[in-house]
Asks: 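This is the structure, below, for whatever I ask next.
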Number of protein chains: 2
Amino acid sequence: MNKDKKVTSYDVAREAGVSQSAVSRVFRPGLSVSQKTRDKVMETANKMGYRPNAIARMLITKQSGMVAVIVSSRANINYPEVLSQVSKQLAARNKRVLLFTLDDAESADDLFEQIRTFQVDGVIALAAHFESQRLAQFKQHNIPVVLYNRNVPDAMANTVCCNHELGIKQLIAELQINQPKNYLVLSGPKDSDVANERREIALNLLKKSDENHVSVLYGDYSYQSGRDCLAKWLKKHPAPDAIICSNDSMAVGVIDEARENHKIHIPNDMSVVGFDGYASSSWSSYQVTTIKQPLEQLVKAAVDMLIERIENPESPPEARVLTGMLIKGNSVRRP
Amino acid sequence: MNKDKKVTSYDVAREAGVSQSAVSRVFRPGLSVSQKTRDKVMETANKMGYRPNAIARMLITKQSGMVAVIVSSRANINYPEVLSQVSKQLAARNKRVLLFTLDDAESADDLFEQIRTFQVDGVIALAAHFESQRLAQFKQHNIPVVLYNRNVPDAMANTVCCNHELGIKQLIAELQINQPKNYLVLSGPKDSDVANERREIALNLLKKSDENHVSVLYGDYSYQSGRDCLAKWLKKHPAPDAIICSNDSMAVGVIDEARENHKIHIPNDMSVVGFDGYASSSWSSYQVTTIKQPLEQLVKAAVDMLIERIENPESPPEARVLTGMLIKGNSVRRP
DNA sequence: TTCATTATTGCATTCGAAGTCATTATTACG
DNA sequence: CGTAATAATGACTTCGAATGCAATAATGAA
């Protein structure tokens with residue numbers, strides 16, 4: 001039934017008594033082929049186990065049908081589901097995901113060259129940091145880029161992002177019900193754009209509402225860093241009334257540390273809020289008050305924008321901001 | 001500096017005053033080129049922004065340099081980090097990940113065709129179920145396959161897996177310190193091979209040690225299903241002394257449900273063990289006693305085997321079983 | 001039935017790099 | 001210095017499908 005060597009369109013053509021062009025046309029949608037040849041070709045193709053070679057097709061059509069998805073190690077911690085969502089939604093648009101991981105800035109040049117080499121139709125960057133200089137490179141080579149979970153106004157790329165400003169405003173409003181006297185902002189790492197954005201928004205909003213006792217600490221988004229930061233803080237200071245964490249993992253870490261090592265009751269002695277709506281933050285031992293990101297919609301927006309950009313390269317960059325949902329958990333004191 | 005159209009090796013050749021072959025050779029490692037031409041070509045290539053076209057290279061060399069990684073939605077829940085590990089380790093072997101998601105069995109045929117079309121060098125399947133019939137298909141088309149986290153003796157594919165038998169034996173030994181009178185085995189879904197394996201191993205081991213009061217319930221690996229199953233059980237039965245969960249998420253669900261809705265103290269009233277060593281199961285509110293899978297080593301084994309198989313297609317199928325590490329948490333009563 | 005129109009078909013070319021082979025330049029050494 | 005061995009180079013072909021174009025077949029209108 002099938003031989004060692006791969007079956008090509010020529011083999012099928014010969015066997016079916018038609019030209020190679022005919023075979024090709026049968027496997028492209030919407031091309032003019034008579035029902036008779038179509039049936040004949042299909043039959044022999046199936047019999048011989050023929051599949052069109054996507055590589056050859058890519059070469060001639062200059063469309064690889066692949067989208068590079070760049071995942072920073074950070075993104076992986078925070079959104080385990082994003083990637084499969086992206087893959088699924090791109091598959092629905094008949095595109096595949098070519099996966100790249102990005103850890104350190106040094107390899108970014110390399111990554112860029114790799115991506116160019118593979119002739120991808122576009123790029124989706126998950127929570128990865130890109131200099132605007134690099135975005136310019138992509139633009140120069142006509143590679144559409146969508147930044148997921150970034151919100152940079154001057155971007156040369158499309159961005160999709162959940163509304164941090166609004167979300168954090170809601171979280172702070174929740175906290176303010178108790179009129180806390182002092183705040184601790186537990187930020188993500190300084191080299192994370194999202195962390196910086198969330199932190200600055202929080203600080204600005206607190207300043208606006210004349211909250212004067214605000215301190216900042218830096219973690220790395222991990223559970224352990226949440227614990228460590230709180231422990232470090234408590235060595236020199238009393239427990240703050242309210243802690244604003246840049247993500248849920250750190251919030252959970254803070255809660256565990258407070259309870260286990262410092263006999264601090266959450267939420268009675270201290271209120272904690274997170275961000276993201278990560279599944280485990282809703283587990284009943286934590287029930288973190290947080291903003292749940294509209295994951296599916298975010299991914300859909302990213303994919304839509306990318307496809308639009310691929311099909312119409314001239315369309316101007318666009319920033320989509322979706323609204324997250326406030327989850328009222330049990331980590332903020334209720335009066 | 002760079003024009004609209006893509007720069008090809010011919011363009012560089014013309015500009016540098018050499019032949020296209022020369023340009024090609026400069027960009028392949030280990031080929032005979034004089035230092036002079038190499039420098040000249042490199043310089044003009046950089047000036048013109050030339051990158052070799054991987055698609056064209058794939059076509060002629062018949063090596064795509066891409067590995068299809070198939071992720072079932074289930075795998076994603078259980079091992080958020082596996083995928084980036086796979087990508088990283090494959091990148092180190094100069095291969096890229098082409099990502100495919102597999103949800104329902106219906107799409108499996110489609111998936112297979114897709115994979116063939118893309119001429120991937122090999123396949124790694126993460127916790128996905130494949131009929132041996134399908135494995136035969138892959139074999140027939142000379143596509144090397146590695147099954148991650150599966151242990152099927154008669155496989156036509158390579159497999160890598162953590163030692164379930166040993167791990168579960170250790171977990172049961174932990175539980176037996178308290179001489180529990182009855183057991184509840186909380187299995188993963190029936191259509192998961194891993195779940196079935198873990199369940200049957202547990203049941204067999206319990207039978208061997210003459211434990212007679214053993215019941216089984218089926219969840220879907222999720223936190224919520226852990227909660228639901230326990231709740232359902234407690235409606236008609238008293239709390240079991242020991243619960244063996246097929247993964248950590250369900251164990252955490254069980255713990256939360258027991259504490260929150262049934263005033264059952266873990267571990268004093270009931271012991272719970274999980275499997276996987278999922279990060280959040282070690283959070284101090286849970287501290288699930290479990291087996292930690294040696295993730296990096298598992299992935300490394302999978303990648304090694306795949307590369308070996310790609311380079312040497314005749315090498316016989318191999319099954320690698322790595323030993324997990326017992327994590328003594330705080331979810332099993334200590335005498 | 002005849003001619004115009006449209007639908008099918010095949011031929012030949014194309015995409016861009018890699019590799020084969022024959023040729024030329026270089027080096028080594030007697 | 002001459003010759004053999006080796007290194008470097010370029011012309012040409014190849015991979016497999018897609019497509020423009022011309023030729024042919026099928027259809028419809030008159």
Side-chain angles (χ1 to χ4, degrees), chain A residues 3-42 44-45 48-66 113-114 116-121 141, chain B residues 3-42 44-45 48-66 113-114 116-121 141:
Chain A
K3 309 284 172 298
D4 257 22
K5 304 192 71 240
K6 297 225 162 133
V7 184
T8 75
S9 56
Y10 283 97
D11 301 330
V12 176
R14 197 182 318 113
E15 190 76 12
V18 297
S19 74
Q20 179 267 328
S21 327
V23 177
S24 170
R25 278 191 275 259
V26 167
F27 282 88
R28 280 329 335 242
L31 286 184
S32 160
V33 200
S34 73
Q35 195 58 45
K36 203 172 60 181
T37 24
R38 164 162 280 129
D39 293 347
K40 195 167 47 181
V41 167
M42 272 309 207
T44 38
M48 304 175 74
Y50 169 75
R51 280 267 86 196
N53 182 327
I55 307 292
R57 175 179 295 172
M58 291 176 198
L59 186 59
I60 188 79
T61 62
K62 306 189 156 201
Q63 285 250 331
S64 68
M66 302 189 298
E113 297 303 337
Q114 287 283 345
R116 281 220 303 144
T117 288
F118 276 91
Q119 318 284 119
V120 298
D121 298 341
H141 291 281
Chain B
K3 311 281 169 301
D4 258 22
K5 305 190 70 242
K6 297 224 163 135
V7 185
T8 76
S9 56
Y10 283 97
D11 301 329
V12 176
R14 197 183 318 112
E15 190 75 13
V18 297
S19 74
Q20 180 266 329
S21 321
V23 177
S24 171
R25 277 191 279 258
V26 168
F27 281 89
R28 302 264 52 201
L31 287 184
S32 160
V33 199
S34 73
Q35 196 57 44
K36 205 173 58 179
T37 28
R38 165 162 280 129
D39 292 347
K40 194 166 48 179
V41 167
M42 271 311 204
T44 38
M48 302 176 75
Y50 168 74
R51 278 269 86 197
N53 181 328
I55 308 292
R57 174 180 297 173
M58 291 176 198
L59 185 59
I60 189 78
T61 61
K62 304 184 157 205
Q63 284 251 332
S64 69
M66 302 189 296
E113 296 303 337
Q114 285 283 345
R116 279 215 310 137
T117 288
F118 276 90
Q119 318 283 120
V120 297
D121 298 340
H141 291 282

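All chains are named by letter (A, B, ...) in the order of the sequence lines, taking the proteins before the strands, and each is independently numbered beginning at 1.
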Asks: Work out which heavy atom in B/Leu59 is nearest to a heavy atom in A/Ala56; give both atom names and the distance.
Replies: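 For B/Leu59 and A/Ala56, the tightest heavy-atom pair comes out as CD1-CB, 3.7 Å.
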Asks: Do the side-chain N or O atoms of B/Thr8 get closer than 4.0 angstrom to the phosphate oxygens (OP1, OP2) of C/dG16?
Replies: no
Asks: Figure out the CG/C1' separation between B/Leu59 and C/dC15, and round it to whole Å.
Replies: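 It works out to 9 Å between those atoms.
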Asks: Of the listed nucleotides (D/dA8, D/dT19, D/dA17), which one gets closest to any side-chain atom of B/Ser34?
Replies: D/dA8
Asks: What about A/Arg25: does its side chain form a donor-acceptor pair under 3.5 Å with the base of C/dG10?
Replies: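 Yes.
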Asks: Starting from the first five and the last five pairs of the helix from C/dT1-D/dA30 to C/dG30-D/dC1, work out the angle between the resulting helix axes, to 10 degrees.
Replies: 30°
Asks: What is the separation between atom CD on B/Gln63 and atom P on C/dA17, rounded to the nearest whole Å?
Replies: 18 Å
Asks: State, with a plain yes or no, whether a side-chain heavy atom of A/Val26 is found less than 4.5 Å away from one of A/Thr37.
Replies: no
Asks: Establish, from distance only, whether the side-chain atoms of B/Ser24 and B/Ser21 form a donor-acceptor pair under 3.5 Å.
Replies: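 B/Ser24 vs B/Ser21: no donor-acceptor pair found between side chains.
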Asks: Base, sugar-phosphate or nothing for B/Arg51? Non-hydrogen atoms, less than 4.0 Å.
Replies: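 Sugar-phosphate: the residue B/Arg51, judged by heavy atoms under 4.0 Å, touches backbone atoms but no base.
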Asks: Would one find a side-chain N or O of A/Thr61 under 4.0 angstrom from OP1 or OP2 of D/dA17?
Replies: no
Asks: Among C/dA18, D/dA17, C/dC15, which is the nearest nucleotide to the side chain of A/Tyr10?
Replies: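 Comparing C/dA18, D/dA17, C/dC15 against the side chain of A/Tyr10, the answer is D/dA17.
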Asks: Go through residues 13-23 of chain A and report each residue with a non-hydrogen atom lying under 4.0 Å from DNA chain C, sorted by number.
Replies: A/Val18, A/Ser19, A/Gln20, A/Ser21, A/Ala22
Asks: How would you list, by chain and number, every residue that makes a side-chain hydrogen bond (donor to acceptor under 3.5 Å, both in side chains) with B/Gln63, sequence neighbours excluded?
Replies: none
Asks: Report the residue from A/His141, A/Lys62, A/Gln119 that forms a side-chain contact (heavy atoms from CB on, under 4.5 Å) with B/Lys6.
Replies: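 The option that passes is A/Gln119.
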Asks: Of the nucleotides C/dA18, D/dT9, D/dG16, which has the atom closest to the B/Val33 side chain?
Replies: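 Nearest to the side-chain atoms of B/Val33, counting from C-beta on, is D/dT9.
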Asks: Do the side chain of A/Asp11 and the main chain of A/Thr8 share a donor and acceptor less than 3.5 angstrom apart?
Replies: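 Side chain of A/Asp11 to backbone of A/Thr8: a pair is present.
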